[in-house]
Asker: 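The structure's right below; bear with me while I get my questions together.
Basis for what follows: all heavy atoms, side chains included, without hydrogens, waters or symmetry-related copies. The first residue of the sequence shown is numbered 1, and numbering continues consecutively from there.
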Amino acid sequence: MLSLKLNPFLPTVSRKATFQFTLFLFALLNALQTTAQSTTGQNQTLSPYSNFGIGEWSSANFLQIAGANQTRSGAYTYSLANPATLGNLYYTTLDMGARANTGTLSANDQSRTFNGGGISYVSLAFRTWNYYKRKVTRDSLNKIKTYKSTRFATNSALTLKPLSGMGYQYAINNTSPFPSKTTHSGGGGVNLLESSHVLRLGNTLSLGYSAGWVFGTLIDRSLFYIPDSTNFRYVEDYRTVQVRGMQQKAGLLLNFKTDTHYHSIGASLQWVNSLNGSQERLVRSMYLAGGYLNPEDTILKSSLYKQPFTLPLAFGLGYSVRYKQKLTLNVDYKKQLWSSNSSMFFDANRTYVDRSEAGISLIINPLDSRASGKKKMSWPIRLGASNANTQYQFNGSNPTGIYNINEQRAFIGVGIPFVRRYFDNTALVSMVNLQIDYLKRSPKPFNNSLATEEYLNFTIAVQLGDVWFQRRKFD
């Protein structure tokens with residue numbers, strides 16, 4: 001007799017299908033990891049400020065987060081900034097995102113344009129254990145039973161994303177002790193392969209932890225020459241730094257309800273340890289012949305193996321309030337303690353100030369599924385803005401004697417849901433997310449000799465829901 005085994009709540013998982021998909025996922029992540037290690041990084045920036053430290057810090061996160069880095073959590077949704085947001089995950093979810101950027105850089109009354117892009121993130125999240133404690137209340141007078149469920153669960157996620165990006169090209173003209181010119185160019189970046197886990201303790205509290213492998217390559221090339229020289233001699237200083245280490249995060253998420261409002265408070269702490277860099281440096285003289293630079297003589301060749309260095313401690317705080325099923329207001333704050341971080345051996349003993357960032361965002365139609373009383377799932381609309389005082393600071397002749405670099409960002413995005421019903425009438429959701437970001441980075445107060453940057457980022461991301469990883473089971 002042929003029988004169809006159905007789970008009354010979720011589609012049944014075939015063990016063979018799950019195993020095949022797991023192998024596919026690790027093959028994909030291994031391929032991406034190998035690519036990230038063997039190349040000089042994605043072409044995501046052309047900023048002179050990325051010449052400092054390990055490059056320009058990436059704020060890569062899912063588009064559906066909409067700036068709620070510490071609190072956004074749902075049946076399909078979680079945040080890469082706070083592992084505790086995995087606590088409300090209910091379905092296996094695969095997220096992938098990519099972006100294209102265009103921008104303008106200007107300084108000293110000159111400007112240039114930039115076009116680039118690359119992968120933003122790849123992440124898979126899934127449930128590992130789920131338990132419901134049900135309490136039954138009986139009303140003997142009206143003969144009504146009331147059921148109250150409290151969920152306990154552990155969920156996990158595996159993520160690959162860029163941690164920083166480096167890309168710059170600029171020149172410095174010197175007049176003392178004699179006229180000369182030095183050009184600087186660089187590329188590469190640091191990536192993060194992260195494993196996140198959460199323990200959900202009932203309907204109110206979730207505790208999260210993540211650990212990730214930090215890896216990447218930083219490349220810097222300086223070329224010194226005297227423009228008026230008739231010999232066309234150059235000195236090249238070429239350095240590569242292989243970065244390896246470990247990043248960890250701990251987070252918590254509190255959820256509670258008052259009347260028609262749903263509140264979330266989230267917090268996370270991030271630290272990096274066991275970090276080291278191996279540097280290869282080659283300084284050589286070169287000459288110009290036939291329109292090409294040719295090596296002439298090696299001046300210096302050195303290697304530094306596994307030199308320890310540190311990255312700053314960071315923490316984030318967030319609060320969200322949702323009104324019924326209609327909209328969610330989010331407030332988010334993050335700080336990196338750069339001022340207490342030791343200088344990096346490859347960073348010319350530079351020092352930094354603390355970086356702080358605050359943002360506010362609004363999500364219209366915030367639910368991960370169709371709202372009750374609606375025939376179709378409404379498209380979520382997301383918009384927000386943030387302001388950051390970066391870690392970069394320069395000495396100047398203004399009254400305060402310093403120039404800080406400020407970042408301003410505004411975004412608007414939309415999600416296009418694709419709802420599919422499974423054979424047991426379970427409705428599962430996948431989503432295509434689109435977002436446009438405007439980013440401006442400029443000195444404060446304004447200084448024409450320091451770069452001002454303006455970017456437009458176009459991001460597309462897909463969120464594949466549970467149905468993509470299930471199939472019917474017959475026996």
Asker: Would you please indicate if the ring centroids of Phe394 and Tyr403 are separated by under 6.0 Å?
Answerer: no

Asker: Between Tyr78 and Thr93, does any side-chain donor sit less than 3.5 Å from a side-chain acceptor?
Answerer: no

Asker: Does the side chain of Leu254 come within less than 4.5 Å of Leu205's, by heavy atoms?
Answerer: yes

Asker: Would you call Asn255 and Asn88 a side-chain contact if the rule is heavy atoms closer than 4.5 Å?
Answerer: yes

Asker: Taking the side chain from Asp368 and the backbone from Tyr76, do they hold a donor-acceptor pair closer than 3.5 Å?
Answerer: yes

Asker: Between Thr390 and Glu407, is any side-chain donor less than 3.5 angstrom from a side-chain acceptor?
Answerer: no

Asker: For the ring pair His197 and Tyr209, is the centre-to-centre distance below 6.0 Å?
Answerer: no

Asker: Under 4.0 Å between a side-chain nitrogen and a carboxylate oxygen: does that hold for Glu357 and Arg409?
Answerer: no

Asker: Does a salt bridge link Asp237 with Arg239, judged by any charged N lying under 4.0 Å from a carboxylate O?
Answerer: yes

Asker: So do Thr92 and Leu124 actually touch side chain to side chain, heavy atoms under 4.5 Å?
Answerer: yes

Asker: Without swapping roles, check the side chain of Ser164 against the backbone of Ile54 for a donor-acceptor pair under 3.5 Å.
Answerer: yes

Asker: Just so I know, are the side chains of Lys334 and Asn69 near enough to count as touching, which here means a heavy-atom distance under 4.5 Å?
Answerer: no

